[in-house]
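In what follows, a structure is listed as structure tokens, so that the remarks can point back to it.
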Amino acid sequence: MAMMTNLLATSKALKLHVSFFSSFPCRPNHFLARRLPQSMAPRVQTSCSYRETSLKAMTPFTTPEPEPSSVTEGVGILRFLKGKNYLVTGATGFLAKVLIEKLLRESPEIGRIFLLINSKDQESANKRLYNEIISSDLFNHLKQLHGSSYEAFMNSKLIPILGDIGEDNLGIGSDIAAKISGEIDVIISCAGRTTFDDRYDLALNVNALGPCRLLSFAKDCKKLKLFLHFSTAYVTGKKEGTILETPLCLGENITSDLNIEHELKLASEAVRKLQGSGETKKLKELGIQRAQHYGWENTYTFTKAMGETLIQTMREDVPVVIIRPSIIESSYKEPFPGWLQGIRMTDPMVLAYGKGQISGFWGDPQSFVDVIPVDMVVNATIAAMAKHGCGNSELIVYNVTSSSHPYPIRAGEFMDLAYQHLCDFPLTVIDLPRWKFHSSLDGFTSSVFDIIAKQERGTKNEGGEAEKSHTTLSFRGRRILDYFVSLARTYEPYTFFQARFDDTNTRSLIQELSMEERDMFDFDIKSINWEHYIVNIHLPGLKRESLKERSN
């Protein structure tokens, strides 16, 4: 407890605020390294030709399957959900909203879900609940199910709590805190800052200290059965080989040189010294510098690792489940295929490609694109919640990822399928060149420079001006180039990613489900047909979300 007191005391000095989130010229650059298995029907018509597969690329990733459970009742998901009360942070974010929808749709007899919402007052918190959740098209199935009583049903289940995970005591008034702490069965920690190169002080306050504050509140919850925390599969830092489902512990799988209190003081001192011009830029640079010094790719994964470590250190006898998803993308099936909120990890590259802004990226075509549909993450979460929500004092980790798929999708295949879809259903560019992977940042930079210069020459010529040298760019052109170069540097750890995530715990959990539970809460990644998902589900969903963001 002394460590927690010191950390939270240090956090006061930071004075932080939280935000919720969450050309292929020929054969050498044609990257569909193998055909997807014929058994993965239904298949779509493809405009791509495939090259021969190496035996190495064809070898599926296999680990021993657990024996099927003899328990016909499964883990009792619906029985567990009935009547339980929840506290959810980050409730207006992509993942949390899909989780809330699934809970309400499959278990209408669920208790109440208290949503920690960061707003200036209770009235604005109520408005956020209505505008960002109740009126969202994500809940259309519930609207149809409940008809005219839909809003009454939602308001009876979803209770907005004015608060801020970046403040002491979660920013919740003492009377409200005392009232809800006696009702909560499960706490779901979903809040986080997900920008890779975030300000170090803000990321520390939310991703590292936020779970500490939530855990302190959890210890006052008399009925608490489980503390469930969303992390990221990339939380272990720069690793190779197979990444296990093990908790992070200082001195074991995290270097003992990492002193979190020192990092908090360092960030606090930087804030004090850097007030004024250039503060944000320098604090972002500090985060990346500290992350890479200790072996992490970026500020996001580094501070999420600190958050996990503090949970492990301070939880005492609180039962904890940590869910580590990889790159969460649009829904595979539920509540309907292709639902997405925001432009996510792989999406900016695909959209820029379809708009003719880039023709390739810096990366390895054989690297793994570890995308996982959001509904599979949600289903795995609910199953884990039911299995471990019995109050036993333990901490277990679940990797919810796709690299353990027998035929995981690689970057070259992903972009080949994007090319196929964008040729059949263009975004803006009709005659799209095939995607090219660049082995160096200089090569990618030169490629983007040439595209921007060509577009600027075309614009000037249309205006009747004489053609100018393409060795210089306009101010706007330089900003566009800087953006894509920055994006390439930020994504480099992932566009060359070769490690794979062990999911033994997740597969064992699937085996424990009854057949009815598997139908209702499917998260078996082996069932994913990548070609169908990317071409027919994800990319159309991404285009819809892009149009919606532009209209807003």
Side-chain angles (χ1 to χ4, degrees), residues 36-43 60-84 86 95 98-110 141-142 144-145 185-186 188 225-226 228 245 321 323 325 328 330-339 372-390 392 396-408 501-530 532-533 536-537:
L36 299 177
Q38 292 295 328
S39 61
M40 295 172 65
R43 293 180 56 83
F61 180 69
T62 57
T63 51
E65 286 294 331
E67 290 297 322
S69 172
S70 60
V71 179
T72 57
E73 293 184 1
V75 298
I77 296 176
L78 294 181
R79 183 173 63 250
F80 174 82
L81 296 178
K82 184 176 180 180
K84 297 294 190 303
Y86 302 81
L95 176 59
V98 178
L99 175 60
I100 292 166
E101 193 278 340
K102 179 72 172 185
L103 290 172
L104 293 175
R105 178 160 47 86
E106 297 293 3
S107 181
E109 294 180 328
I110 197 173
H141 283 319
L142 281 169
Q144 294 172 4
L145 180 65
D185 296 286
V186 178
I188 301 174
K225 297 171 179 60
L226 187 67
L228 190 144
E245 296 168 299
V321 165
I323 305 291
I328 306 176
S330 60
S331 57
Y332 193 54
K333 295 179 182 178
E334 295 183 282
F336 42 83
W339 193 82
I372 187 78
V374 63
D375 48 335
M376 290 198 170
V377 178
V378 161
N379 289 339
T381 298
I382 295 173
M385 191 190 306
K387 175 175 171 56
H388 299 283
C390 53
N392 289 344
I396 188 165
V397 175
Y398 288 94
N399 284 340
V400 187
T401 62
S402 66
S403 65
S404 57
H405 190 288
Y407 297 93
F501 299 104
D502 172 64
D503 65 345
T504 299
N505 293 339
T506 305
R507 288 183 298 105
S508 296
L509 181 59
I510 292 173
Q511 295 298 317
E512 292 187 50
L513 303 186
S514 67
M515 294 307 296
E516 292 80 4
E517 288 174 334
R518 292 193 194 195
D519 288 339
M520 294 178 69
F521 301 94
D522 177 30
F523 55 96
D524 187 355
I525 57 130
K526 292 188 295 185
S527 67
I528 298 176
N529 178 329
W530 290 118
H532 172 62
Y533 174 62
N536 295 336
I537 297 176

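None of the values given here were measured: they were computed from a predicted structure. For the numbers below, each heavy atom of this structure counts, side chains included, while hydrogens, waters and symmetry mates do not.
E109 contributes no side-chain N or O that, together with a main-chain N or O of K82, makes up a donor-acceptor pair within less than 3.5 Å. Looking at Y332, its side chain never comes within 3.5 Å of a backbone N or O of F523 through a donor-acceptor pair. Without hydrogens or angle criteria, E334 side chain to K102 main chain gives no donor-acceptor distance under 3.5 Å. Side chain of T506 to main chain of Y398: no donor-acceptor pair is present (N/O by atom type, distance under 3.5 Å, no hydrogens or angles). S107 places no side-chain N or O within donor-acceptor distance of the main-chain N or O of L78, the cut-off being under 3.5 Å. Using modelled atom types, one side-chain atom of T381 and one backbone atom of V377 make a donor-acceptor pair closer than 3.5 Å. Between the side chain of E517 and the backbone N or O of I77 there is at least one donor-acceptor pair closer than 3.5 Å.
Rounded to the nearest 0.5 Å, atoms CD1 (I528) and CD1 (I372) are 4.5 Å apart. Annotation: the span from N505 atom CG to K387 atom NZ amounts to 9.5 Å, rounded to 0.5 Å. Note that CE of M376 and OG1 of T401 are 12.0 Å apart. Values are rounded to the nearest 0.5 Å. If you take CG on N529 and OH on Y407, they are separated by 13.5 Å, rounding to the nearest 0.5 Å. Interatomic distance, CZ of R79 versus CG of L81, reported as 10.5 Å (0.5 Å rounding). Atoms CG and CZ, from L513 and F521 in turn, are 9.0 Å apart once rounded to the nearest 0.5 Å.
When every heavy atom of G76 is checked against every heavy atom of A386, the shortest pair comes out as O-CB, 4.4 Å. Considering all non-hydrogen atoms of both residues, I537 and S331 come closest at CG2-O, 3.4 Å. Across P335 and H141, no two heavy atoms sit closer than the pair O-NE2, 2.6 Å. Contact between V397 and E245 at its shortest, heavy atoms only, is O-CB, 3.6 Å.
H405 and W530 have tilted rings, their planes meeting at an angle from 30° to 60° on a 0 to 90° scale.
Within 6.0 Å of atom NZ in K225, more than 12 heavy atoms from other residues, nucleotides or ligands are found, so the atom counts as buried in its surroundings.
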